[in-house]
Amino acid sequence: MQDLVIRRPDDWHLHLRDGGMLRGVIADTSRHFARAIIMPNLVPPVVTTADAAAYRERILAAVPTEHRFEPLMTLYLTEGTDPDDVEAGHRRGLVKAVKLYPAGATTNSHSGVRDIEKAMPVLERMAEIGLPLCVHGEVTIADVDIFDREAVFIETVLDPLRRRLPELRVTMEHVTTKDGVDYINTSKANLAGSITTHHLIINRNAILVGGIKPHYYCLPVAKREKHRLALRAAATSGDARFFLGTDSAPHVDPLKECACGCAGIYTSINTMSCLAHVFEEEGALDRLEAFTSLNGPAWYGLPVNEETITLRKQEQPVRYPAKVETEAGPVTVFDPMFPLYWAVV
Ligand SMILES: NC(=O)N[C@@H](CC(=O)O)C(=O)O
Ligand SMILES: [Zn+2]
Ligand SMILES: [Zn+2]
């Protein structure tokens with residue numbers, strides 16, 4: 001038996017959805033995580049400070065009474081977003097970031113940004129007030145190969161934007177490529193990246209070898225092995241620019257297991273077990289805390305959590321359910337394809 005005590009972790013990219021799904025999944029996060037950056041891609045999206053305030057109340061109402069959990073709210077950037085509303089939400093401490101979805105890039109992104117020019121007044125205001133922009137970094141150009149969409153986004157959208165607005169603080173969310181890791185590593189300031197649990201574990205073979213596996217499909221889609229290795233190196237490096245954003249993204253099974261399945265992998269429930277396994281494999285258990293509990297708060301300007309959690313390596317594998325049952329329907333849990341021995345006790 002081996003114990004690892006770390007500060008309570010936070011999740012810097014999480015989808016909780018709403019209604020019955022929210023009620024079904026929230027405890028899997030609030031059991032282990034103290035805070036999470038909540039993605040605003042509901043239908044309709046969380047666009048205004050008033051939307052975010054109302055959504056926050058719905059989340060808090062769903063948290064089990066025995067858990068302490070703070071949702072960190074984000075606004076969904078549209079071409080009509082009002083800079084004054086964003087600033088007001090930030091000033092009152094409610095809005096922690098604004099999220100850029102290129103229109104059509106991922107789940108519920110149709111209200112996102114088509115022409116970044118139209119979002120410049122908001123982005124300029126955010127640069128002024130120090131409010132981070134979270135980006136889903138993929139282009140949506142039809143003739144760009146889906147495996148290249150992150151690298152092309154960095155070159156054609158993100159880098160030009162950062163040159164134009166060097167003061168804008170940008171979180172590259174769910175980095176999936178070596179290109180992304182390299183871009184962050186060479187940046188001097190105002191850029192950080194979140195990395196998911198699943199992208200540290202699977203490459204694109206998981207989706208396609210031996211039959212099509214919809215529960216390994218997410219966006220950005222998992223890439224080649226060399227990219228997974230670059231993500232592992234970044235996550236386990238201790239470098240303050242990289243931190244955990246699980247991108248746990250529940251969809252009910254019928255919407256995954258069909259002819260046009262949704263993108264998203266549900267990892268909230270077993271993320272800490274998976275991460276301890278990965279960090280142990282990389283000989284970096286001593287840097288797990290930086291990735292899950294220290295680097296994120298530093299980037300978002302928040303205090304670290306005072307509470308701790310204990311991870312224990314057990315003799316027998318930890319049992320997680322194959323599916324989480326919610327009022328909205330069953331949600332399949334991420335299967336790392338190896339037994340997990342680390343449990344949160
Ligand atoms: N990651 C995903 O595959 N899906 C996310 C959207 C996103 O984060 O891109 C979702 O909302 O389902
Ligand atoms: Zn995304
Ligand atoms: Zn996401």
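Just so you know, these numbers use all the heavy atoms, side chains as well, and skip hydrogens, waters and symmetry mates. Whatever order the structure lists ligands and atoms in, that order sets their numbers, starting from 1.
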The Zn ion (ligand 3) is nearest to which N, O or S atom of D247?
OD1
Check: [Y] and [X] side chains under 4.5 Å, non-hydrogen atoms:
X	Y	result
N203	H227	no
L133	L123	yes
W342	L285	yes
Y183	V181	no
E70	D10	no

Y216 and F334 aromatic ring geometry - parallel, tilted or perpendicular at 30°/60° bounds
perpendicular
Per-atom contacts of ligand 1 with [X], taking only distances under 4.0 Å to non-hydrogen atoms:
X	answer
G264	2 (C), 3 (O), 4 (N)
H13	8 (O)
C218	3 (O)

Mode of H251 contact toward ligand 1 - side chain, backbone, both, neither (heavy atoms, under 4.0 Å)
side chain
Show your working on side-chain contact (heavy atoms from CB on, under 4.5 Å) between L229 and K178 and close with a plain yes or no.
CA-CA 8 Å; L229 296 178; K178 180 170 186 307; over 6 Å; no
Of all the non-hydrogen atoms in the protein, which one sits nearest to [atom], and at what distance?
atom	value
atom 2 (C) of ligand 1	L219 O, 3.5 Å
atom 5 (C) of ligand 1	H15 NE2, 3.5 Å
atom 6 (C) of ligand 1	T106 OG1, 3.2 Å
atom 1 (N) of ligand 1	D247 OD2, 2.7 Å
atom 4 (N) of ligand 1	A263 O, 3.1 Å

Salt bridge check, E306 against R68: does any charged N sit closer than 4.0 Å to a carboxylate O?
no
Quick check: does H136 have an N/O/S atom under 2.8 Å of the Zn ion (ligand 3)?
no
Closer than 2.8 Å to the Zn ion (ligand 3), do we get an N, O or S atom from H13, backbone or side chain?
yes
Are any of the N or O atoms of Y217 closer than 3.5 Å to those of ligand 1?
no
Close N or O approach (N41, ligand 1; < 3.5 Å):
yes
Does H174 reach ligand 1, in the sense of a heavy atom lying below 4.0 Å from it?
yes
My understanding is that only one of H15, H136, H198 makes a ring pair (Phe, Tyr, Trp, His ring centres under 6.0 Å) with H174; could you say which?
H136
So which of K223, H199, R149, E138 actually passes side chain to side chain donor-acceptor pair (under 3.5 Å) with T176?
K223
Would you mind finding which of M39, R17, K99 brings a heavy atom closest to atom 10 (C) of ligand 1?
R17
